[in-house]
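The block underneath contains the structure these notes are about, expressed in structure tokens.
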Amino acid sequence: MNKKDYYEVLGVSRDASEAEIKSAFRKKAKQYHPDLNKDKPEMEEKFKEVQEAYSVLGDKQKRSNYDRFGHAGVDGASSGFGDFSGFSSGFGDINVDIDDIIDNLFGGRGSGFSSGFNTSHGRNSTHRGDDVLMRVEITFEEACHGSEKDFNLDVVENCSKCKGKGGFDEETCATCHGSGTVTSEQHTLFGAFLSKTTCPDCHGKGKTFKKKCSECKGTGKVTENKTITVNVPAGINTGDRLRLKEKGNAGTNGGLPGDLYLEFYVKEHKYFSREADDIYLEVPLTLTEAVLGCKKTIPTIHGNIKLSIPAGTSTNDKQRIKGKGIDNKSRHHKGNMYVIFKVILPKKLSREQKKIFEKLSKTELLEKEISDFDKFTEKNA
């Protein structure tokens with residue numbers, strides 16, 4: 001059976017440095033390790049390939065032979081991987097075992113993930129609190145002008161009674177002897193593995209208490225309802241978020257609190273609508289106002305104004321009122337207001353009103369567009 005190229009197995013180029021090869025091996029070992037892929041039996045074979053590839057490329061002499069003669073130069077030196085309990089044999093200056101891989105995968109040295117269990121190095125280290133997302137509702141006017149507004153929310157705080165410890169009279173955990181983890185042995189087809197899990201009694205802290213705190217039930221945290229006052233900036237829109245630094249849940253072991261994010265929902269207004277910083281208003285006109293034109297009082301978000309409406313205004317005609325939109329100081333932008341007209345036709349007419357319209361119909365009141373359409377209709381008959 002043809003073997004795969006060792007460089008291809010590790011995913012590195014042929015001129016890769018020792019550090020690059022070492023880093024690639026550790027990533028692949030984590031990715032394919034049988035203990036971490038129990039539901040994927042095919043990973044066992046990939047794991048063996050990775051181990052075999054590194055046993056050659058991680059050794060200068062073996063790598064040199066492989067580069068010169070291919071697999072023929074290292075056959076016999078790269079076989080015989082019966083036990084996966086360690087990686088120390090033939091791996092140059094690196095000595096990695098399953099605990100190293102698990103530690104790195106689940107929060108150990110430099111992995112960047114929160115730990116399912118803590119090593120003795122980090123079990124009492126500080127941890128930043130969780131961020132909190134709260135969805136809040138404000139009125140259309142509050143969103144346009146900004147406002148100072150109070151919000152109530154539940155946040156997790158350190159228990160004041162036990163100062164966040166969870167109990168009193170601290171002592172070393174009898175189960176893990178202060179390590180914060182317990183080790184168990186697992187047997188597989190590839191050998192025996194030692195795996196670490198968080199101590200069930202001290203939850204990774206290495207310490208227990210003779211007396212549990214009655215206030216927080218031993219968790220060190222309590223949920224409190226707080227009222228916060230927030231300056232809502234003008235121009236906030238539905239879906240926008242405002243970050244309040246360190247107003248989220250409390251940290252652990254003196255860690256900083258998380259952040260609070262307010263996500264806004266702006267209630268609809270009966271008459272006004274908006275697009276970004278521009279305000280829109282639909283203004284109804286009587287037939288007389290539309291035909292003859294008029295001066296009309298128009299509401300804006302900044303107060304009423306007098307607007308001159310030209311004669312012959314039709315439905316959906318639009319007029320811009322400069323600077324009467326939202327004064328968005330965070331964007332250094334001032335929006336406009338747009339008035340959209342809607343001509344309201346009477347549904348019922350008195351006898352006198354009907355006579356007036358009948359007289360009008362006999363005058364030269366037809367617009368050119370209507371006249372042209374009538375001519376088209378006659379021609380199309």
Side-chain angles (χ1 to χ4, degrees), residues 26 29-40 43-44 47 83-87 96-132 154-224 248-258:
R26 292 179 69 86
K30 291 184 220 175
Q31 182 180 352
Y32 297 131
H33 197 282
D35 266 12
L36 306 178
N37 295 278
K38 294 180 180 179
D39 58 336
K40 299 177 181 178
M43 293 299 183
E44 295 174 355
F47 182 72
D83 186 2
F84 290 169
S85 61
F87 294 96
V96 184
D97 60 20
I98 182 60
D99 289 341
D100 290 321
I101 292 177
I102 295 177
D103 282 348
N104 276 278
L105 183 61
F106 294 105
R109 297 170 292 278
S111 68
F113 293 93
S114 60
S115 178
F117 55 85
N118 292 326
T119 63
S120 59
H121 172 74
R123 64 174 180 269
N124 291 318
S125 60
T126 61
H127 293 282
R128 182 177 176 274
D130 291 333
D131 293 338
V132 175
D154 293 329
V155 294
V156 176
E157 300 279 4
N158 285 319
C159 177
S160 58
K161 186 175 182 179
C162 64
K163 294 181 172 55
K165 291 185 176 181
F168 308 93
D169 299 328
E170 190 176 82
E171 60 184 1
T172 301
C173 178
T175 302
C176 65
H177 307 291
S179 68
T181 61
V182 291
T183 304
S184 60
E185 186 175 4
Q186 296 179 347
H187 295 274
T188 71
L189 294 173
F190 300 96
F193 297 94
L194 296 178
S195 61
K196 287 182 181 179
T197 56
T198 303
C199 176
D201 292 333
C202 68
H203 306 291
K205 294 181 178 179
K207 301 287 184 181
T208 55
F209 301 95
K210 291 181 181 179
K211 183 181 178 183
K212 184 184 292 186
C213 178
S214 59
E215 187 72 21
C216 64
K217 306 296 187 294
T219 63
K221 300 284 192 298
V222 291
T223 300
E224 294 185 0
N249 290 340
T252 303
N253 294 327
L256 292 174

Looking at every heavy atom in both [X] and [Y], which two are closest together, and how far apart are they?
| X | Y | value |
| --- | --- | --- |
| Gly254 | Thr126 | C-CG2, 4.1 Å |
| Gly251 | Asn158 | O-OD1, 3.3 Å |
| Val222 | Glu215 | CG1-O, 4.0 Å |
| Gly166 | Cys162 | N-SG, 3.1 Å |
| Thr198 | Val182 | O-CG2, 4.3 Å |
| Gly167 | Phe209 | C-CD2, 3.5 Å |

> Any salt bridge (Lys or Arg N to Asp or Glu O under 4.0 Å) pairs touching residues 155-173, not counting sequence neighbours?
Replying inline: Glu157-Lys226

>> With side chain to side chain contact (heavy atoms under 4.5 Å, CB included) as the criterion, how do Thr181 and Cys176 come out once you've worked through the C-alpha distance, each side chain's angles and the decisive distance to 0.1 Å?
In response: CA-CA 6 Å; Thr181 61; Cys176 65; 6.0 Å; no

>> To the nearest 0.5 Å, what is the distance between SG on Cys159 and CD on Glu224?
In response: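 So the gap between those two atoms works out to 9.0 Å.
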
> In Å and rounded to the nearest 0.5 Å, what is the OG1 to NZ distance from Thr219 to Lys212?
Replying inline: 9.5 Å

> Any sub-3.5 Å donor-acceptor pair from Asn249's side-chain atoms to Val156's backbone N or O?
Replying inline: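 Yes; judged by distance alone, with no hydrogens or angles, the pair exists.
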
> Cys199 versus Thr175: any side-chain heavy-atom pair under 4.5 Å?
Replying inline: yes

>> Test of understanding: with side-chain contact (heavy atoms from CB on, under 4.5 Å), list the residues that count as partners of Asp131, not counting sequence neighbours.
In response: Arg128, Asp259, Tyr261

> With sequence neighbours left out, what residues match Thr172 under side-chain contact (heavy atoms from CB on, under 4.5 Å)?
Replying inline: Lys207

